[in-house]
2 protein chains.
Amino acid sequence: MMLTSDDVKRRNAVAGVNGAGAGSIQGRVISEMRRRIIAGEIEPGVNLSELALAEEFGVSRTPVREALKQLQTEGLIEIRPRVGTFVTSPSRREITELFEMKELLEGAAARLLAQRGRVPEIDQLEENLRQADRAVARDDRDRVAELVQEFHDLLIIGADNSKLEAHYRTLMNQLAYSRLVATSLSQPGRPVQSDREHHHVLELIIAKDGDSAERVMREHVRASRRALLTGLQS
Amino acid sequence: MMLTSDDVKRRNAVAGVNGAGAGSIQGRVISEMRRRIIAGEIEPGVNLSELALAEEFGVSRTPVREALKQLQTEGLIEIRPRVGTFVTSPSRREITELFEMKELLEGAAARLLAQRGRVPEIDQLEENLRQADRAVARDDRDRVAELVQEFHDLLIIGADNSKLEAHYRTLMNQLAYSRLVATSLSQPGRPVQSDREHHHVLELIIAKDGDSAERVMREHVRASRRALLTGLQS
DNA sequence: TCTCAGTTGCTTGCATGCAACAGGACGATA
DNA sequence: TATCGTCCTGTTGCATGCAAGCAACTGAGA
């Protein structure tokens, strides 16, 4: 039997980024472990033994083992043969590299979205900024963080390139970026500045000025990184 | 015990892109299967059953199963639960997306390399072009294809960003790009043109003009894609 | 007190058996 | 003949047992 690529894509659309079906035991373990690691609930340490996890999830070692293997290829954990399994945290060097990639991919997404013209994601981005303006005005930090995340997400989705999206999500997971947004936005004046930059990018996208949209988006990513690093030092 | 990120990187450097150690059974299966798929030795079909592969490699299902799982997350195969395992080939849409990513990453690599100044990779690139000039002059197609691959590889390595390199390799595997280079270069005049473009990019890199290097590199990727598509139609 | 050899516990790697399900083959029936 | 229902084969998902190796601990000896 021949497998068409459309079949593959349909399946992936259902299963999300996961390789395994979400209904399987293995799929559950993958999702849950990924969530825990990104949320920082697991201390980097040797506690991640297959047996312990299997008992906790009430399953055998096999699905746990396969789930860990996948998380390893995603770069979230490190399996050392016959030693143990560890949650990895990126080195300084890797963090720099990850931000370089973030800048690259988000910049490209802005350009691609600008080239697509008026698509639904544009409307969603406009709505996002309307809500963000209000949230910033009333200094609702949690809501602002949510909306910032959504803005970047919409941008990536709007680029309409599934490979770009998949790689982007992998990178953001490695960065545990969702945890970092709040820190970045905790810098004085950063929410307002960030909001302004979002507006600027979206204007350029709507104006179909891909080059400028990419450039401004990259500057925005760099600015947010600077805010983050400042926040982490203090 | 705490795992430092340097430890992780050291291991990855040894194991290459592979998650598993090359010495293990599983590692052998991964490498060999990946090679076969990229080389196009395996017909997309249901022949890939765990049991059959296990017998062929003389091992049990377990390591084969884990190897297939990793290849799935790399996007090379598709495992349909309780149905079978299939080699995937990208759809038209996905091929477009993959080339978009190729253009993006190679363009970025050119920019990053230009920013780094005089590094060893620059010398290697110059040597590569010297050899390429000669190979083109004597119309040695196989050698030209090799050198073209090496040029792009050196560019990526020279960008000195391990994340970029890892994602790039994944994408090229999905494209089975090594098989396509020859087709692209089979177009009349393409080897000469490609060589010229390589020279231009390298000049700009040496001149530390990152912006232009990126722009020209992206144009080069698009040109090579056009040549490839023309070659595939005929 | 320091060093080093031996031992022991814990970890993952691999093999194997059973279960559950998908999909086609085949036959009964309208 | 067309269609529906049943069975049967093949596949992967999961559970479990054993093997191999690493790391830390323990104890003896200097």
Side-chain angles (χ1 to χ4, degrees), chain A residues 1-4 7-8 10-11 14-15 18-33 42-73 76-88, chain B residues 1-4 7-8 10-11 14-15 18-33 42 44-73 77-88:
Chain A
M1 161 191 175
M2 180 66 188
L3 181 70
T4 73
D7 288 336
V8 175
R10 203 172 307 120
R11 274 188 53 80
V14 173
N18 303 345
S24 63
I25 294 178
Q26 182 183 146
R28 271 192 11 237
V29 176
I30 291 175
S31 302
E32 174 62 13
M33 291 302 296
I42 306 179
E43 289 294 308
V46 76
N47 296 332
L48 284 183
S49 94
E50 293 175 2
L51 189 60
L53 288 172
E55 287 175 355
E56 182 190 336
F57 283 99
V59 299
S60 83
R61 277 179 55 210
T62 307
V64 170
R65 182 176 173 70
E66 295 179 355
L68 292 178
K69 183 121 192 17
Q70 170 154 346
L71 293 176
Q72 180 186 41
T73 66
L76 294 178
I77 67 177
E78 169 74 10
I79 301 173
R80 291 213 253 170
R82 295 187 183 84
V83 177
T85 302
F86 310 87
V87 175
T88 60
Chain B
M1 165 195 171
M2 178 67 187
L3 182 71
T4 73
D7 288 336
V8 175
R10 204 171 308 121
R11 272 188 52 78
V14 173
N18 302 345
S24 64
I25 292 178
Q26 184 183 147
R28 273 193 10 239
V29 177
I30 291 174
S31 303
E32 174 61 13
M33 291 302 297
I42 307 180
V46 76
N47 297 333
L48 284 184
S49 94
E50 292 175 3
L51 189 60
L53 289 172
E55 287 175 355
E56 182 190 336
F57 283 98
V59 298
S60 83
R61 278 181 53 209
T62 307
V64 170
R65 184 178 170 69
E66 295 180 355
L68 291 179
K69 183 128 188 28
Q70 169 155 345
L71 294 177
Q72 180 186 40
T73 66
I77 67 177
E78 167 75 8
I79 301 173
R80 290 213 255 171
R82 295 185 184 82
V83 177
T85 302
F86 309 87
V87 175
T88 59

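Numbers restart at 1 for each chain; the letters A, B, ... are given by sequence-line order, proteins then strands.
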* When rounded to the nearest 0.5 angstrom, what distance separates CG in Leu53(B) from CD1 in Ile42(B)? -> 7.5 Å
* Once you round it to whole Å, what is the distance between P of dT11(D) and CZ of Phe86(B)? -> 10 Å
* Non-neighbouring partners of Arg61(A) that pass side chain to side chain donor-acceptor pair (under 3.5 Å), sequence neighbours left out -> Glu50(A)
* To do: Quickly work out the Leu53(B) CG to dG10(D) P distance and round it to whole Å.
  => 17 Å
* Measuring from Ile77(A):CD1 to Met33(A):CE, what's the distance to the nearest 0.5 Å? -> 7.0 Å
* In terms of heavy-atom contacts, does CD of Glu56(B) have more than 12 from other residues, nucleotides or ligands at under 6.0 Å? -> yes
* Asked: Distance check: side-chain N/O of Thr85(B) vs OP1/OP2 of dT12(D), anything under 4.0 Å?
  -> yes
* Where does the chain B footprint on DNA chain C start and end, counting 5' to 3' with a 4.0 Å heavy-atom cut-off? -> dC14(C) to dA22(C)
* CG of Leu51(B) versus P of dT11(D): gap in Å, rounded? -> 7 Å
* For Glu32(A), all residues meeting salt bridge (charged side-chain N to carboxylate O under 4.0 Å, His left out), sequence neighbours excluded -> Arg35(A), Arg36(A)
* **N/O donor-acceptor pair under 3.5 Å between Thr85(B) side chain and Ser49(B) backbone** => no
* Near DNA chain D, under 4.0 Å by heavy atom, which residues of residues 56-64 of chain A? -> Val59(A), Ser60(A), Arg61(A), Thr62(A), Pro63(A)
* Nearest-0.5 Å distance, CZ of residue Phe86(B) to CG of residue Asn47(B) -> 10.0 Å
* To do: Quickly work out the Arg80(B) CZ to dG10(D) P distance and round it to whole Å.
  => 19 Å
* **d(CZ, Arg65(A); P, dG13(D)) in whole Å** => 15 Å
* For Leu48(B), answer base if it contacts any base atom (sugar-phosphate contacts may also be present), sugar-phosphate if it contacts only those atoms, and nothing otherwise; contact means non-hydrogen atoms under 4.0 Å. => sugar-phosphate
* Determine, stepwise, if the pair Ile30(B) / Leu71(B) fulfils side-chain contact (heavy atoms from CB on, under 4.5 Å). => CA-CA 7 Å; Ile30(B) 291 174; Leu71(B) 294 177; 4.3 Å; yes
